[in-house]
Amino acid sequence: MIELTVNGIKRQVDVVPEMPLLWVLRDELGITSPKYGCGVAQCGACTVHIDGKAVRSCQSHIGEIAGRSVVTLEGVANRDQHPVLQAWIEHQVPQCGYCQTGQIMQAISLLSKIPKPTDEQINQVMSGNLCRCGTYPRIRAAIHAAAAHKMAEK
């Protein structure tokens, strides 16, 4: 049995250590926000937070994550009022929506490290998250709006 904390709940899974975290989340635990996009950590659709850091779950083996904390979009604190999610709605970011949970998790990570990022910083950090619909200008605008909202709260 491999133990880890997922969205604040201690969980045990009986899987091989080489199984990707993405499959454990989706198939074993029924958490569907991380999506399978490419399987080689190049698209970002499977992005989750492991111990607070944005990580591609398709290439993270469960055996390496034992004892650690994983957060998916379902586990984001105060999710309904979170500045990033509010900005995503305000700027109508999603089109098809497939990549959006990975985009949101990457954006939350970005703003936790750089509270008021420049366009260049946003482009650099978000460049590993692909959007087939090309909503990049709306993603950037939403990140700026979330940053402004977070700064206004302080």
Side-chain angles (χ1 to χ4, degrees), residues 4-8 18-27 29-65 67-154:
L4 68 159
T5 301
V6 179
N7 297 331
E18 297 79 24
M19 180 180 264
L21 173 61
L22 178 61
W23 300 136
V24 171
L25 293 171
R26 293 185 61 83
D27 298 343
L29 302 178
I31 298 171
T32 58
S33 67
K35 303 290 188 259
Y36 177 81
C38 66
V40 293
Q42 296 297 305
C43 74
C46 67
T47 302
V48 299
H49 294 171
I50 299 177
D51 294 336
K53 181 181 179 205
V55 175
R56 305 301 190 249
S57 63
C58 71
Q59 290 293 301
S60 301
H61 297 145
I62 190 67
E64 299 165 356
I65 298 161
R68 297 173 74 186
S69 175
V70 176
V71 176
T72 67
L73 185 62
E74 291 89 345
V76 169
N78 201 19
R79 187 175 70 178
D80 293 338
Q81 301 303 313
H82 195 283
V84 172
L85 282 108
Q86 291 298 310
W88 242 247
I89 293 166
E90 176 186 325
H91 290 272
Q92 299 178 3
V93 173
Q95 280 187 357
C96 82
Y98 196 81
C99 70
Q100 294 306 304
T101 57
Q103 299 277 3
I104 290 167
M105 295 304 286
Q106 188 70 49
I108 291 170
S109 177
L110 164 65
L111 291 173
S112 73
K113 292 178 178 73
I114 308 169
K116 200 152 175 80
T118 64
D119 281 347
E120 294 78 27
Q121 290 168 318
I122 292 170
N123 292 344
Q124 180 180 15
V125 172
M126 300 299 292
S127 68
N129 290 74
L130 303 180
C131 176
R132 289 183 176 179
C133 301
T135 63
Y136 301 113
R138 286 186 273 175
I139 290 168
R140 190 180 309 108
I143 292 171
H144 282 302
H149 179 75
K150 284 181 83 167
M151 295 307 287
E153 288 181 345
K154 294 184 178 185

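- In this structure, the side chain of Arg56 does not engage the main chain of Thr47 through any donor-acceptor pair within 3.5 Å.
- More than 12 heavy atoms of other residues, nucleotides or ligands sit less than 6.0 Å from atom CD of Gln95.
- Summarising the geometry, atom CG belonging to Leu73 is positioned 9.5 Å from atom NE2 belonging to His49; distances are rounded to the nearest 0.5 Å.
- A 4.5 Å side-chain heavy-atom check between Gln100 and Trp88 finds at least one atom pair inside the cut-off.
- Formation of a donor-acceptor pair under 3.5 Å by the Gln59 side chain with backbone atoms of Gly39 is found in this model.
- When all heavy atoms of Cys43 and Gly37 are compared, the pair lying nearest together is SG-CA, 3.6 Å.
- With sequence neighbours left out, Arg68 forms a salt bridge (charged side-chain N to carboxylate O under 4.0 Å, His left out) with Asp51.
- The side-chain heavy atoms of Glu74 and Arg79, taken from C-beta on, include a pair separated by under 4.5 Å.
- Between Cys58 and Ala41, the shortest heavy-atom distance links the atoms SG-N, 3.3 Å.
- Lys35 and Thr32 make their closest contact through NZ-O, 2.6 Å (heavy atoms, listed as atom of the first residue, atom of the second, distance).
- Counting only heavy atoms from C-beta outward, the side chains of Leu21 and Leu4 approach each other to under 4.5 Å.
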Next on the checklist: Using side chain to side chain contact (heavy atoms under 4.5 Å, CB included), reason through Leu130 and Gln42 one step at a time and then give a plain yes or no.
Outcome noted: CA-CA 8 Å; Leu130 303 180; Gln42 296 297 305; 5.6 Å; no

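- Each of Val70, Thr72, Leu29 was compared with Asn7 under the side-chain contact (heavy atoms from CB on, under 4.5 Å) criterion, and only Thr72 meets it.
- In terms of heavy-atom proximity, Ala77 sits nearest to His82 at O-CD2, 3.8 Å.
- Summarising the geometry, atom OG belonging to Ser57 is positioned 11.5 Å from atom OH belonging to Tyr36; distances are rounded to the nearest 0.5 Å.
- Rounded to the nearest 0.5 angstrom, Ile65 CD1 and Thr5 OG1 are separated by 12.0 Å.
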Checklist entry - Can you list the steps and then say if Arg140 with His91 is a side chain to side chain contact (heavy atoms under 4.5 Å, CB included)? => result CA-CA 10 Å; Arg140 190 180 309 108; His91 290 272; over 6 Å; no

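- Counting all heavy atoms, side chain and backbone alike, Ser109 lies closest to Gly52 at OG-O, 4.5 Å.
- Residues satisfying the side-chain contact (heavy atoms from CB on, under 4.5 Å) criterion with Gln121, sequence neighbours excluded, are Ile114, Pro117, Thr118.
- A distance of 11.5 Å separates SG in Cys46 from CE in Met105, rounded to the nearest 0.5 Å.
- Side-chain contact between Arg132 and Cys96 is absent, with no heavy atoms from C-beta onward closer than 4.5 Å.
- Inter-residue side-chain proximity for Ile143 and Met126 is flagged as met; some heavy-atom pair is nearer than 4.5 Å.
- With hydrogens and angles disregarded, a donor-acceptor distance shorter than 3.5 Å links the side chain of Gln86 to the backbone of Asp80.
- Atom CD of Gln106 sits about 12.0 Å away from atom SG of Cys99, to the nearest 0.5 Å.
- Between the OG atom in Ser33 and the CD1 atom in Ile104 there is a gap of 9.5 Å [rounded to 0.5 Å].
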